K.L.:
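First the structure, then my questions, so here it is.
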Amino acid sequence: MQFRLMFQRLFNEKLAFVSMIFLLLLLFLSLFASWIVPFDPNKQDLTKVMLPPDGTYWFGTDELGRDVFSRVLMGAQAAIQAGVVAILIPLFVGVPLGIISGYLGGIIDDIFMRIVDAILSFPAILLALGITGALGVSLWNAMIAIGIIFTPQFARLARGQTLQVRREPYVEAAKISGAGPLWIMMKHILPNILSPIIVQASFSFSLAILVEASLSFLGMGAQSPQVSWGGMLHQAYSMIFVNPYMMLFPGLAILISVLAGNFFGDGLRVAIDPKMKRS
Amino acid sequence: MFFKFLLRRLMYVIPMLIVTTLIVFSLILIIPGDPALALLGDNATEEKLALLRSQLGLDQPVLIQYWNWLTNAVQGDLGRSLFTGEIVSDAVFSRLGITFQLVVASIVFSFIFGMIFAIGSVIKPNSWMDYISRFMGTIGTAIPNFWLAMLLIVVFSVNLGWLPATGFTSISDNLGGFFQSIILPAICLGAFGAAQITRQLRSSLLEVLESDYIRTAYSKGLLLWPVIWKHALRNSLLPVITTTGLLFGNMLGATVVIETVFAIPGMGQLAVNSILQRDFPMLQGVVLVMVILVLIINFVTDVLYSVLDPRIEIK
Amino acid sequence: MRGPNEPVLEVKNLCSYIPTSRGVIKPVNNISFSIGAGEIVALVGESGSGKSVTALSIMGLNSPSIKYEKDSVISFKGENLLKMKKRQMKKIRGNEISMIFQDPMSSLNPLHPIGKQIAEPIQLHQGVSYQKAKEIVVNLLAKVGIPDPENRLNDYPHQLSGGMRQRIMIAMALACNPSLLIADEPTTALDVTIQAQILNVMRDLQKDTGISILIITHDLGVVAEMADRVLVMYCGEIVEEGDVYSLFKNPQHPYTKGLLASVPKLRGASEKLLHTIPGAVPNPLELPKGCNFSGRCSYATEKCLTEAPNLVETGKDRRAACWHIVDLQTEEVTVHA
C-alpha cells in the first residue's frame with residue numbers, strides 16, 4: 001500500500017478528511033485540555049448554578065455552578081484514552097493471536113476459533129460490565145474491559161486475512177528460502193493484512209467512545225473528579241426534570257466524535273480499496 | 001432428515017456452551033487479590049470471610065470449583081445473592097420475561113423502521129426519502145442510546161406528557177399500559193438495530209434490484225411494488241436474518257443501560273445493581289442466562305436461514 | 001383493424017440517447033424495421049451495437065437514464081409503446097410481448113419454485129389462482145420438453161441445468177400466448193450441444209403457435225438456423241437488412257461481409273486463416289463524421305469519411321447503408337454458415 005496515494009484519496013473523501021481533522025483536534029484536546037479550558041472544570045460556584053449559555057459560560061453552567069464548556073473539553077480526555085487503549089489491546093493481543101492461529105491452522109486454529117466465537121456471543125456491554133465489575137470500578141479498568149471485548153473481532157479478522165495471504169506466492173517463496181514461521185508472520189503476513197485491520201481499528205475507536213460513555217453513565221467508568229461525557233450525562237439525567245438542556249452538549253460531543261470515527265473509517269476503507277462501495 | 005440437520009447444528013452449540021460457561025465462571029477468578037475480601041470489604045470479620053470462601057467454594061482447586069458450579073447450574077442452582085440472600089435463579093427468571101418483552105419490541109421496531117427506510121430509499125434514489133434514510137442509517141449507529149432516551153423523555157414525557165418517563169407494565173397485565181411504557185425504551189434500544197437493518201437492507205436491495213431475475217419479473221408485467229414485494233424483498237432479507245441474530249445479543253447487552261434509564265426492573269438493571277453491590281453470584285447468573293439466550297437465538301437464526309434459502313441442502 | 005399482412009411490430013425512427021457529462025451517447029440512432037406475423041427476425045451485431053437496447057426499448061425495460069427522441073415510434077398492433085402509461089404497458093409485457101434473456105442461471109429467482117414462477121404471468125394477466133394456472137404450467141413444461149412435468153413444479157432453479165432453465169424461461173415467456181417473443185442471446189450462455197436443442201424447441205413452438213420472434217444474437221450460426229429475415233446493426237444503426245438466404249449469399253455491406261467471413265467453415269477453405277475485421281468499434285462519444293464503419297473498411301473512400309450513407313433500398317426486400325454497394329456486388333462472394 002502506498003501511503004501517499006492513500007492519503008491523496010482520503011483527501012478526496014471530504015467528509016472523511018474533515019473527520020480526521022476533528023479527531024486530531026480531539027487528540028490535541030485530550031493532551032492539552034487542562035491548559036486550554038477557560039475555567040477549572042471542577043471548580044464549583046454555587047452562586048452561578050444552571051446558567052444558560054452566555055458570553056462567559058459558552059455552554060452554561062451545571063447544578064454545582066461548574067462551566068459546562070470547560071467540562072466538555074476536559075471530557076475529551078476520557079473518551080480519547082478509552083478509544084486508544086481499546087484499540088491497542090486488540091492490536092497487540094488479538095492480531096498476533098489471529099495471525100498465529102491462521103498461519104498454523106489445524107487443531108490449534110479450531111480451538112482458538114471456538115473460543116473467539118464463544119466470546120463474541122456475549123453481549124459486548126454486558127461482558128465489559130462484568131469484567132469491570134470483577135476488576136473493580138475505574139476508568140482504567142473499563143478501558144481494559146473494552147479492549148478485551150474487542151480482541152476477538154480483531155483476532156478473527158487477522159485470522160481470515162492470514163488464511164488468504166498464507167497461500168500467496170511470496171509467502172511460499174519465503175518458506176522455501178528457509179525463513180522461520182515467526183519471520184514470515186512478521187515480515188510477510190503482517191504488512192499485507194494491515195489495511196483492513198486499520199479500518200476496523202477506526203470503527204472500533206468510535207465504538208469504544210460509545211461504550212466508555214455508557215459505562216461512565218452507569219457509574220462504572222470514569223470516577224469523579226475525572227470528567228467524562230458519560231458521567232456528565234449521568235448528572236444531567238438526575239436533573240432532567242429541572243434543567244433538561246444540561247444534557248445537550250456532552251451528548252452532542254459523544255455523537256459527533258462517534259460520527260467522526262465512523263466517517264473516517266468509511267473514507268479510509270474507500271481510500272485503501274477504491275473498488276469498495278461506500279456503505 | 002430435518003431432525004438430523006437440527007441435531008448436527010445443535011452439536012456445534014455444545015462446545016460453545018462449555019466455553020461460555022467457563023468464561024462466566026472465570027469472572028470471579030479475575031477479581032484481584034482475595035475475592036472474598038474484595039466482595040465483603042476491608043472491615044469484614046475472619047468468620048464471615050471463611051464462610052463466604054466456602055460458600056463460593058474458593059477453598060477448592062479451580063477446576064473443582066468450575067465443575068461444582070457447572071453441575072449446580074445445570075440443575076438450576078445458581079447460588080444465592082450475597083446481598084439479599086435471594087435465590088439467584090428465581091431473581092433472574094422473574095426478570096427474564098420483562099427483558100424479553102423489551103428486546104422483542106425493540107427488534108420489531110428495528111425491523112419495521114429498517115424496512116420502511118430501506119425500501120423508501122431504493123425506490124427513488126437521491127429523493128428526499130433516500131436522504132432521510134441514509135441520514136437515519138448514519139445517525140442511528142452513532143447516537144448514544146441513553147442520550148437518545150433522555151432526549152425522548154424530555155420531549156414526550158416532560159414537555160408533552162404523552163408517555164411515562166419510567167416504569168414498565170407487562171403485556172399480560174395491561175395491553176395499553178404495555179404499549180405506553182414500551183414505546184420509548186423500544187425506540188432507544190432499537191435505534192441502532194433500525195439503522196443497521198436500514199443500511200444492510202438498502203445495500204442488499206440495491207444489489208438484488210440490479211439482478212437478472214428482477215428484470216425477468218418486470219418482463220412478466222409486474223410493476224415496481226409487486227416486484228419489490230414478491231421478488232426483491234425476500235431475497236434481500238435473507239442476509240438480514242443473520243444481522244438480526246447478532247442484533248439480539250447486542251440489544252440484550254444494551255438493556256443494562258436502557259433499563260437503568262427507564263427504571264425497568266429487568267435483567268439489565270439486575271446486572272448493574274449486582275455489580276454496584278458486588279453481588280457476584282447474581283452477576284454470574286444474569287450473564288449466564290443472557291449468553292444462553294444469545295446462543296439459542298443464534299441457533300434459531302442459523303436454522304431459519306437454512307430453511308428459507310432453498311439453495312442450502314438440509315441433509 | 002390490422003390486415004393479414006400488417007406487421008405485428010413496427011419500429012420507426014427509434015432514437016435513444018444518454019446525456020453524460022462528456023457528451024451525448026446514442027445507443028440506438030434512428031432505426032426503423034418491422035416484424036410480420038409469424039416471422040422470425042434476427043438482429044445481429046457486436047456487443048455495444050445497440051441490439052439489446054433496441055430489444056429493451058420494445059419491452060420498456062431500459063434503465064431510466066436512457067431517453068427517447070420525440071418522433072421515435074415503436075408501434076405494436078397499431079399502438080405506440082413509447083407513449084404508453086405504466087399501467088397499459090403492464091398489460092402488454094409478459095402477456096402480448098414477452099422476453100427471454102441471455103443467462104438462464106441468473107434470470108430465474110433462486111428462492112421461488114419454478115412452477116410458481118411460470119404461473120406468475122398467467123395469474124397476473126388472466127387473474128386466476130395458482131391452482132388453476134398449474135394445469136397450464138404443466139402443459140407448457142411438456143411443450144418445452146421437460147420430462148415428468150407434474151413433479152418438476154416444486155423444483156428450485158438451482159436444481160436444474162442451464163439448458164433446463166432456459167426451457168423454463170421459454171415456457172414462462174409463452175405462458176400467456178404472446179404475439180411477439182424477444183429472445184436476447186438465448187443460447188450464448190449455454191453449451192454448444194444444448195444450444196441446438198434450445199433452438200429446436202423455439203422453432204417447433206414457433207410452428208405450433210405462429211408467434212413472431214425477434215432473436216438477438218451475435219452468432220451467425222443461430223441466424224442461419226432460425227431467422228427468416230436479418231437486420232445487421234453497427235454502432236446503433238442498421239447497416240443492412242435482407243432475407244436470410246440472399247443476405248448470406250450476397251452481403252451488400254462490407255461489415256456484413258466481414259462478419260460472414262469471420263465465421264469458421266467446415267467445408268472448403270479450412271487451410272485459409274480465419275478472417276478478422278481490422279480495428280475496433282469506435283468510441284460512442286467520438287463517432288466518425290461520415291460512415292461509422294469507415295475506419296475499419298477496406299473500401300472506404302474520401303466520401304465515406306465525410307458523408308454518412310443512408311439506408312437505401314437495394315433490391316427486393318433488401319436495404320443497405322453503404323456508398324460502395326455496387327462495387328461489392330461485382331465481387332464473387334461465397335459464404336456458407
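In this text, all values refer to a predicted model and were calculated from it rather than measured experimentally. What you see below is based on every heavy atom in this structure, not just the backbone, and it leaves out hydrogens, waters and symmetry mates. Quick note on labels: first sequence line is chain A, next is B, and so on, each numbered from 1.
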K.L.:
Which region of F280(B), side chain (C-beta onward) or backbone (N, CA, C, O), has a non-hydrogen atom less than 4.5 Å from a non-hydrogen atom of chain A, or is it both or neither?
P.N.:
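Looking at F280(B), just its side chain touches chain A.
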K.L.:
Is L295(B) close to chain A through its backbone or its side chain, or both, or neither, when contacts mean heavy atoms under 4.5 Å?
P.N.:
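Just the side chain, heavy atoms under 4.5 Å.
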K.L.:
Show the nearest heavy-atom pair for residues G133(A) and I275(B), with the distance to one decimal.
P.N.:
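In this case the closest contact between G133(A) and I275(B) is CA-CG2, 3.7 Å.
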K.L.:
If you compare all heavy atoms of R114(A) against all heavy atoms of M16(B), which two are closest, and at what distance to 0.1 Å?
P.N.:
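Smallest heavy-atom distance, with atoms named: O-SD, 4.1 Å.
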K.L.:
With a 4.5 angstrom heavy-atom cut-off, which part of A149(B) approaches chain A: side chain, backbone, both or neither?
P.N.:
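Neither; nothing under 4.5 Å.
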K.L.:
Kindly indicate, with the supporting measurements, whether the criterion side-chain contact (heavy atoms from CB on, under 4.5 Å) is fulfilled by D117(A) and Y12(B).
P.N.:
CA-CA 11 Å; D117(A) 281 349; Y12(B) 178 74; 2.7 Å; yes
K.L.:
If you count heavy atoms of other groups shown closer than 6.0 angstrom to CZ of F100(B), is the number above 12?
P.N.:
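No, because the 6.0 Å sphere around CZ of F100(B) holds 12 heavy atoms or fewer from other groups.
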K.L.:
For L148(B), which atoms come within 4.5 Å of any heavy atom of chain A: side chain, backbone, both, or neither?
P.N.:
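No part of L148(B) comes within 4.5 Å of chain A.
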K.L.:
Contact part of I111(A) toward chain B, heavy-atom cut-off under 4.5 Å: side chain, backbone, both or neither?
P.N.:
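No part of it gets close to chain B.
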K.L.:
Please classify the contact of P144(B) with chain A as side chain, backbone, both or neither, using a heavy-atom distance under 4.5 Å.
P.N.:
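Its backbone and side chain both get close to chain A.
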K.L.:
Sequence neighbours left out, cut at 3.5 Å: what donor-acceptor pairs do the side chains of residues 254-262 of chain A make with other protein atoms?
P.N.:
from	atom 1	to	atom 2	distance (Å)
S257(A)	OG	A253(A)	O	2.6
N262(A)	OD1	S206(A)	OG	2.8

K.L.:
With a 4.5 Å cut-off on heavy-atom pairs, point out which of G219(A), A124(A), A213(A) contacts chain B the most.
P.N.:
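Among the listed options, the one with the most contacts to chain B is A213(A).
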K.L.:
Under a 4.5 Å heavy-atom cut-off, does chain A meet the side chain of L283(B), its backbone, both or neither?
P.N.:
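When you check distances to chain A, only side chain atoms of L283(B) fall under 4.5 Å.
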K.L.:
So with a 6.0 Å cut-off around CD1 of I21(A), is the heavy-atom count from everything else above 12?
P.N.:
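Counting neighbours around CD1 of I21(A), more than 12 heavy atoms of other residues, nucleotides or ligands fall under 6.0 Å, so yes.
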K.L.:
As an exercise, state the distance from CD1 of I115(A) to CD1 of I18(B), rounded to the nearest 0.5 Å.
P.N.:
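Rounded to the nearest 0.5 Å, the CD1-CD1 separation comes to 12.0 Å.
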K.L.:
For the residue pair V294(B) and F122(A), establish whether any side-chain heavy-atom pair is separated by less than 4.5 Å.
P.N.:
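Counting from C-beta outward, V294(B) and F122(A) never come under 4.5 Å.
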K.L.:
With chain B, which of L210(A), L127(A), L233(A) has the greatest number of heavy-atom pairs at distances under 4.5 Å?
P.N.:
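Sorted descending by pairs with chain B, the first entry is L233(A).
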K.L.:
Could you report the tightest heavy-atom contact between I153(B) and Y237(A), atom names first, then the distance?
P.N.:
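Here I153(B) and Y237(A) meet closest at CD1-CE1, 4.5 Å.
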K.L.:
Contact part of T260(B) toward chain A, heavy-atom cut-off under 4.5 Å: side chain, backbone, both or neither?
P.N.:
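Its backbone and side chain both get close to chain A.
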K.L.:
May I ask you to name which of A134(A), S121(A), G136(A) has the most heavy-atom pairs under 4.5 Å with chain B?
P.N.:
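Most heavy-atom pairs under 4.5 Å with chain B: A134(A).
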K.L.:
Provide the closest heavy-atom pair for F241(A) versus A165(B) in the form atom of the first, atom of the second, distance.
P.N.:
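The pair with the smallest heavy-atom distance is CZ-CB, 4.2 Å.
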K.L.:
So which residue, I139(B), L246(B), L27(B), ends up with the most heavy-atom pairs under 4.5 Å with chain A?
P.N.:
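Looking at each option in turn, the highest pair count goes to L27(B).
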K.L.:
Nearest heavy-atom pair of P123(A) and G249(B): which atoms, and what distance?
P.N.:
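Looking at all heavy atoms of both residues, the shortest contact is CB-O, 3.2 Å.
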K.L.:
Using non-hydrogen atoms only, which part of T141(B) is less than 4.5 Å away from chain A: side chain, backbone, both, or neither?
P.N.:
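When you check distances to chain A, atoms from both the backbone and side chain of T141(B) fall under 4.5 Å.
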K.L.:
Side chain, backbone, both or neither: which part of A236(A) has a non-hydrogen atom closer than 4.5 Å to chain B?
P.N.:
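Both parts, backbone and side chain.
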K.L.:
Name the region of R278(B), side chain, backbone, both or neither, that has any atom closer than 4.5 Å to a heavy atom of chain A.
P.N.:
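Contact with chain A is through the side chain of R278(B) alone.
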K.L.:
Between I240(A), I209(A), V211(A), I125(A), which residue shows the highest count of heavy-atom pairs closer than 4.5 Å to chain B?
P.N.:
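Going by pairs under 4.5 Å, I would pick I240(A).
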K.L.:
Out of T255(B), L22(B), L252(B), I143(B), which one racks up the most heavy-atom pairs below 4.5 Å with chain A?
P.N.:
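Looking at each of T255(B), L22(B), L252(B), I143(B) in turn, I143(B) comes out on top.
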K.L.:
Assess whether atom CE of M136(B) is packed by more than 12 heavy atoms of other residues, nucleotides or ligands within 6.0 Å.
P.N.:
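No - once you tally the heavy atoms of other residues, nucleotides and ligands closer than 6.0 Å, there are 12 at most.
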K.L.:
Could you walk me through whether I23(B) and I119(A) satisfy the side-chain contact (heavy atoms from CB on, under 4.5 Å) test, starting with their C-alpha distance in whole Å, then the side-chain angles of each, then the deciding distance to 0.1 Å, before giving a yes or no?
P.N.:
CA-CA 8 Å; I23(B) 294 170; I119(A) 302 179; 3.6 Å; yes
K.L.:
With a 4.5 Å cut-off on side-chain heavy atoms, are V158(B) and P244(A) touching?
P.N.:
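No. Closest side-chain heavy atoms not under 4.5 Å.
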K.L.:
Starting at CG of L126(A), measure out to CG of N250(B) and round the result to the nearest 0.5 Å.
P.N.:
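If we round to the nearest 0.5 Å, L126(A):CG and N250(B):CG are 11.5 Å apart.
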K.L.:
After noting the C-alpha distance and the side-chain angles of T138(B) and F263(A), does the key distance pass the side-chain contact (heavy atoms from CB on, under 4.5 Å) rule?
P.N.:
CA-CA 9 Å; T138(B) 309; F263(A) 288 147; 3.5 Å; yes
K.L.:
Once rounded to the nearest 0.5 Å, what's the spacing between atom CG of L120(A) and atom OG1 of T20(B)?
P.N.:
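Spacing of CG (L120(A)) from OG1 (T20(B)) equals 12.5 Å.
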